[in-house]
Amino acid sequence: MQLDYDLAFLLIMDSQKTNLQFTNQVANALETKLGEESFSRVFVLVDENTERHCLPIINKSLPENYQLIVIRSGEENKTLATCEIIWQELTSANSDRHALVINLGGGVICDMGGFCARTYKRGIQFWNIPTSLLSQVDASVGGKLGVDFGVFKNHIGMFSEPDMVFIDSIFFKTLPEDEIVSGYAEMVKHALISDNEMFIDLQEESLSSIDWQKWVPKSVAIKKAVVEQDPTEKGLRKILNFGHTVGHAIESYHLDKSNSLKHGEAIAIGMIAETYLSHSKNLLSANDRDNVIQYLLKVFPQQEITQNAIDPIVSLALQDKKNIAGSIKAVLLNAIGEAVIDIEITENDISRSLNYYNQLIK
Ligand SMILES: NC(=O)c1ccc[n+]([C@@H]2O[C@H](COP(=O)([O-])OP(=O)(O)OC[C@H]3O[C@@H](n4cnc5c(N)ncnc54)[C@H](O)[C@@H]3O)[C@@H](O)[C@H]2O)c1
Ligand SMILES: [Zn+2]
């Protein structure tokens, strides 16, 4: 599938035409935008980490009487119970429908804060200031809002785009390194599914000195182009699942283990497995396979998938909510920068790919 995202790139760089603003002066950008609007009340939602590290960066731009809502960090708090705390804060302050919620944090804060805003009194405005790499390149566009429900991730929610998004890499200065690496996996995925040149260029970069102001907008443009062409995930949008059929199963398997993996770390292993399968299904050349896999092995942490884990991981991949009628449909590559959707893979394919991965890391 070919993706033309140059237009999306031009559009998002023109802040007049989009709700996305890339900036290296987030405080000023926020102050200007707040000056153009009029809200009855401004709320800022943070977790304890973004309160400490990110709030001071924008504090001076907020109205004097803004109200802070602090919740506990972590995916385990992305629940309806936390939503109740947020709704209660909005209610106790007698907020009307002209209030604004500013979500300052990673994907948990942005997904959940947006959901709470859009359901409070049938919907109030919310702006996102994503502070993690993952939330900037992945969660900032596409309009997916919601919370987890028991063991089911993102089970309760809706599609609704934020009214405004400010993206600034200044926040990465305090972001833990493993969070950077995890978010970077989604950036590499964007290159692999749609932009060969970007993949070549990324190989020249090092995570300690990479120019985020250059690469984050490019990565966001790819995601934006995909979701705009297929907002409800009927076809093209599936390419964003590259690495996720196997990767997500690996992530789920390790959730309650001592060696649990961050989302992007698991996706990187998933991308290795699915790149291997792309070649074994005669879609990708051996040369391109080796090129992609060598890079992924170099940049992302390696973790052996034990023999005991292989069958449970295969079962988890079978349960993926994106499968249809018991068959496993994966996104594979037919070139670097070009993905194909709905390729049927078997349980045996998945276990072969995991054994292949294990051999590589020995
Ligand atoms: N809506 C979407 O399309 C979409 C896409 C991808 C992921 N997600 C969701 O996003 C979540 C994962 O996002 P995430 O990785 O940002 O998780 P997160 O919000 O849990 O943030 C990760 C950790 O980094 C901390 N943190 C964030 N910014 C920081 C900063 N600048 N300095 C210091 N610490 C900081 C947070 O407090 C947290 O401990 C998941 O819930 C996932 O479902 C949503
Ligand atoms: Zn992902």
Side-chain angles (χ1 to χ4, degrees), residues 26 45-58 70-79 82 103-115 118 126 128-149 152-162 165 167-190 193 212 219-220 223-224 226-227 231 233 237-252 255 261-271 320 322 331:
V26 64
L45 179 68
V46 290
D47 62 32
E48 74 279 5
N49 299 321
T50 62
E51 178 185 21
R52 171 146 36 99
H53 299 296
C54 307
L55 187 59
I57 294 172
I58 62 156
V70 188
I71 59 161
R72 278 202 295 266
S73 66
E75 184 71 29
E76 64 277 19
N77 295 305
K78 191 181 172 185
T79 59
T82 310
N103 298 312
L104 179 68
V108 168
I109 290 283
C110 293
D111 281 13
M112 182 161 52
F115 175 70
R118 284 295 193 252
F126 75 97
N128 281 350
I129 308 182
T131 59
S132 67
L133 179 57
L134 186 71
S135 60
Q136 291 193 3
V137 297
D138 200 354
S140 67
V141 287
K144 287 185 177 174
L145 308 177
V147 292
D148 304 333
F149 187 68
F152 303 104
K153 269 201 83 178
N154 300 322
H155 197 63
I156 308 292
M158 62 176 73
F159 282 100
S160 178
E161 289 286 350
V165 184
I167 295 189
D168 190 336
S169 54
I170 191 174
F171 298 111
F172 301 163
K173 287 186 182 153
T174 56
L175 192 64
E177 200 187 328
D178 56 351
E179 299 289 351
I180 293 269
V181 172
S182 178
Y184 187 65
E186 302 286 356
M187 278 182 71
V188 173
K189 179 194 77 180
H190 287 159
I193 60 176
W212 296 115
S219 190
V220 173
K223 169 122 192 216
K224 193 166 168 69
V226 172
V227 300
E233 217 156 5
R237 191 168 179 162
K238 292 182 192 170
I239 66 174
L240 297 169
N241 292 327
F242 175 62
H244 284 61
T245 302
V246 179
H248 200 233
I250 293 173
E251 182 185 14
S252 304
L255 266 186
L261 289 161
K262 297 230 167 287
H263 177 70
E265 294 169 348
I267 295 316
I269 301 175
M271 289 194 286
D320 190 324
K322 287 174 178 119
V331 179

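Sequence positions, counted from 1, serve as the residue numbers for this chain. Each ligand, and each atom within it, is numbered from 1 in the order the structure gives.
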May I have every N or O pair linking ligand 1 to the protein at under 3.5 Å, one per line with atom names and distance?
unit_1   : atom_1 : unit_2 : atom_2 : d
ligand 1 : 1 (N)  : Asp111 : OD1    : 3.0
ligand 1 : 1 (N)  : Lys144 : O      : 3.0
ligand 1 : 13 (O) : Gly107 : N      : 3.3
ligand 1 : 16 (O) : Gly107 : N      : 2.8
ligand 1 : 16 (O) : Ser132 : OG     : 2.5
ligand 1 : 19 (O) : Gly107 : N      : 3.2
ligand 1 : 19 (O) : Val108 : N      : 3.1
ligand 1 : 28 (N) : Thr131 : OG1    : 2.8
ligand 1 : 31 (N) : Thr131 : O      : 3.2
ligand 1 : 31 (N) : Phe171 : O      : 2.9
ligand 1 : 32 (N) : Thr174 : O      : 3.4
ligand 1 : 32 (N) : Thr174 : OG1    : 2.7
ligand 1 : 37 (O) : Asp47  : OD1    : 3.1
ligand 1 : 37 (O) : Asp47  : OD2    : 2.7
ligand 1 : 37 (O) : Asn49  : ND2    : 2.8
ligand 1 : 39 (O) : Asn49  : ND2    : 3.1
ligand 1 : 41 (O) : Glu75  : OE1    : 2.5
ligand 1 : 41 (O) : Glu75  : OE2    : 3.4
ligand 1 : 41 (O) : Lys78  : NZ     : 2.8
ligand 1 : 43 (O) : Lys78  : NZ     : 3.0
ligand 1 : 43 (O) : Asn154 : ND2    : 3.2

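Side-chain contact between Gln136 and Glu186: absent, with no pair of heavy atoms (C-beta onward) separated by less than 4.5 Å.
Remark: Leu255 engages no residue in a side-chain contact (heavy atoms from CB on, under 4.5 Å) (not counting sequence neighbours).
Within His244, the N/O/S atom positioned nearest the Zn ion (ligand 2) carries the name NE2.
Side-chain atoms of Ser182 do not come within 3.5 Å of backbone N or O of Asp178 as any donor-acceptor pair. Judged by distance alone, the side chain of Glu179 and the main-chain N or O of Pro176 form no donor-acceptor pair under 3.5 Å.
Ring orientation note: the planes of Trp212 and Phe172 are nearly perpendicular, at an angle over 60° on the 30°/60° scale.
Counting backbone and side-chain atoms alike, Glu186 contributes an N/O/S atom closer than 2.8 Å to the Zn ion (ligand 2).
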Next on the checklist: Leu133 vs Met187, test: side-chain contact (heavy atoms from CB on, under 4.5 Å). Steps then yes/no.
Outcome noted: CA-CA 9 Å; Leu133 179 57; Met187 278 182 71; 4.0 Å; yes
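In this structure, Asp111 does not pair ionically with Lys144, as no charged nitrogen and carboxylate oxygen lie closer than 4.0 Å.
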